[in-house]
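Written below as structure tokens is the structure these notes are about.
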Amino acid sequence: MDKRGIINRALSGTGNNQILILGENSDEALAAETAFDRALEYMIGEHQWPFVTKTADLARKGDSDVAPFTDLFHLPTDAWHMRTVTRKGYTGSIAHLINMVGIHTCISTGLQAVYVVNPGVDSTWHPTAVEALTTLTEAHLYRGLNEDMDMGDQREQAAELKLMKARSRVDQQNPARNAYKRTGRLTRRTRRV
């Protein structure tokens, strides 16, 4: 489901008129688009959603002016949130600094960025994440457009529950993460001769 579809579901759920196009000049459109953007930023920040994660090669921009880094790379144009910078063929992250200018590193070639894609108007979302996003958008609409703070609070609580379910379902479809191994317990059990 796309942005307009989620916004229209949230507007219908709160008893408001739907919009025909994004960016139209109506109270519903202005409130709903702001509510959607707020809800989306919150959801992206709350979890590592694999269906909006991308890996891309980085293009060198020039020399870094930030010590101790020597090289500067362009940020991916569709990046919403950077996860890590890696080197091709190696596992793990490399030392880097990200600012408004770009990505500063000490390595000049073969770098990749792992990042959350900036969700565009036509992004495809996991159905459970769509439901959580719709409910969170409804919460903002109840507060902003309908001026019903109590109902907004109730919808926000419902959104938090749906967000937990969405995280769980998305995680079930992806490989398990590495578990933290406590070496202290293993050391105590190991017999030394």
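It should be emphasised that the depicted structure is a prediction, and the values quoted were computed from it without experimental measurement.
A single hydrophobic cluster is seen to contain both Leu58 and Ile94, as judged by linkage of ILVMFWY side chains at heavy-atom distances under 4.5 Å, directly or through other members. Cluster membership for Tyr142 and Ile7, using ILVMFWY side-chain heavy atoms within less than 4.5 angstrom, is not shared. In the hydrophobic cluster analysis, where Ile, Leu, Val, Met, Phe, Trp and Tyr join through side-chain heavy atoms closer than 4.5 angstrom, Leu75 is grouped apart from Leu72.
Note that OG1 of Thr134 is 5.0 Å distant from CD1 of Ile6, once rounded to the nearest 0.5 Å. For the atom pair NE2 (His96) and CZ (Phe73), the distance works out to 12.0 Å, reported to the nearest 0.5 Å. Taking CD1 of Ile19 as the start and CG of Asn17 as the end, the distance is 11.0 Å to the nearest 0.5 Å. Of the inter-residue distances, the one linking Tyr115 atom OH with Ile98 atom CD1 reads 12.0 Å to the nearest 0.5 angstrom. The distance from atom CD of Glu156 to atom CD of Glu138, rounded to the nearest 0.5 Å, is 12.5 Å.
Remark: of the listed residues Asp153, Asp148, Asp150, Asp153 is the sole one forming a salt bridge (Lys or Arg N to Asp or Glu O under 4.0 Å) with Arg143.
Between Glu24 and Ile21 the shortest side-chain heavy-atom distance falls below 4.5 Å. Put simply, the side chain of Asp63 reaches to within 4.5 Å of the side chain of Arg60, judged on heavy atoms. Side-chain contact between Val116 and Arg83: present, with at least one pair of heavy atoms (C-beta onward) separated by less than 4.5 Å.
Of all heavy-atom pairs between Ala159 and Ala132, the closest is CB-O, 4.2 Å.
Legend: residues meeting salt bridge (charged side-chain N to carboxylate O under 4.0 Å, His left out) with Lys54, ordered by chain and number and at least two apart, are Asp78. Partners of Gln18 by side-chain contact (heavy atoms from CB on, under 4.5 Å), not counting sequence neighbours, listed by chain and number: Asn8, Ser12. The side-chain contact (heavy atoms from CB on, under 4.5 Å) test applied to Ala158 returns Thr135, Arg155, not counting sequence neighbours.
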Side-chain donor/acceptor pairs under 3.5 Å, residues 28-41, sequence neighbours excluded:
{"residue": "Glu33", "atom": "OE2", "partner": "Gly23", "partner atom": "N", "Å": "2.6"}
{"residue": "Thr34", "atom": "OG1", "partner": "Leu30", "partner atom": "O", "Å": "2.9"}
{"residue": "Asp37", "atom": "OD1", "partner": "Lys3", "partner atom": "NZ", "Å": "3.2"}

Tell me which donor-acceptor pairs under 3.5 Å the side chains of residues 102-113 have, and how far apart each pair is, sequence neighbours excluded?
{"residue": "His104", "atom": "ND1", "partner": "Ser64", "partner atom": "OG", "Å": "2.7"}
{"residue": "His104", "atom": "NE2", "partner": "Asn99", "partner atom": "OD1", "Å": "3.1"}
{"residue": "His104", "atom": "NE2", "partner": "Asn99", "partner atom": "ND2", "Å": "3.1"}
{"residue": "Thr105", "atom": "OG1", "partner": "Ile107", "partner atom": "N", "Å": "3.3"}
{"residue": "Thr105", "atom": "OG1", "partner": "Ile107", "partner atom": "O", "Å": "2.9"}
{"residue": "Gln112", "atom": "NE2", "partner": "Asp57", "partner atom": "OD1", "Å": "3.1"}

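Listed by first then second residue, pairs satisfying salt bridge (charged side-chain N to carboxylate O under 4.0 Å, His left out) with a partner in residues 8-20 read Arg9-Glu131, not counting sequence neighbours.
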**Q.** Trace of the side-chain contact (heavy atoms from CB on, under 4.5 Å) decision for Met151 with Thr14
**A.** CA-CA 10 Å; Met151 192 59 166; Thr14 56; over 6 Å; no
Q: Mind running side-chain contact (heavy atoms from CB on, under 4.5 Å) on Leu11 and Leu141 for me, showing each step along the way?
A: CA-CA 8 Å; Leu11 285 167; Leu141 285 173; 3.9 Å; yes
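Within the 3.5 Å criterion, the main-chain N or O of Leu145 finds no donor-acceptor partner in the side chain of Asn16. Lys162 contributes no side-chain N or O that, together with a main-chain N or O of Val130, makes up a donor-acceptor pair within less than 3.5 Å.
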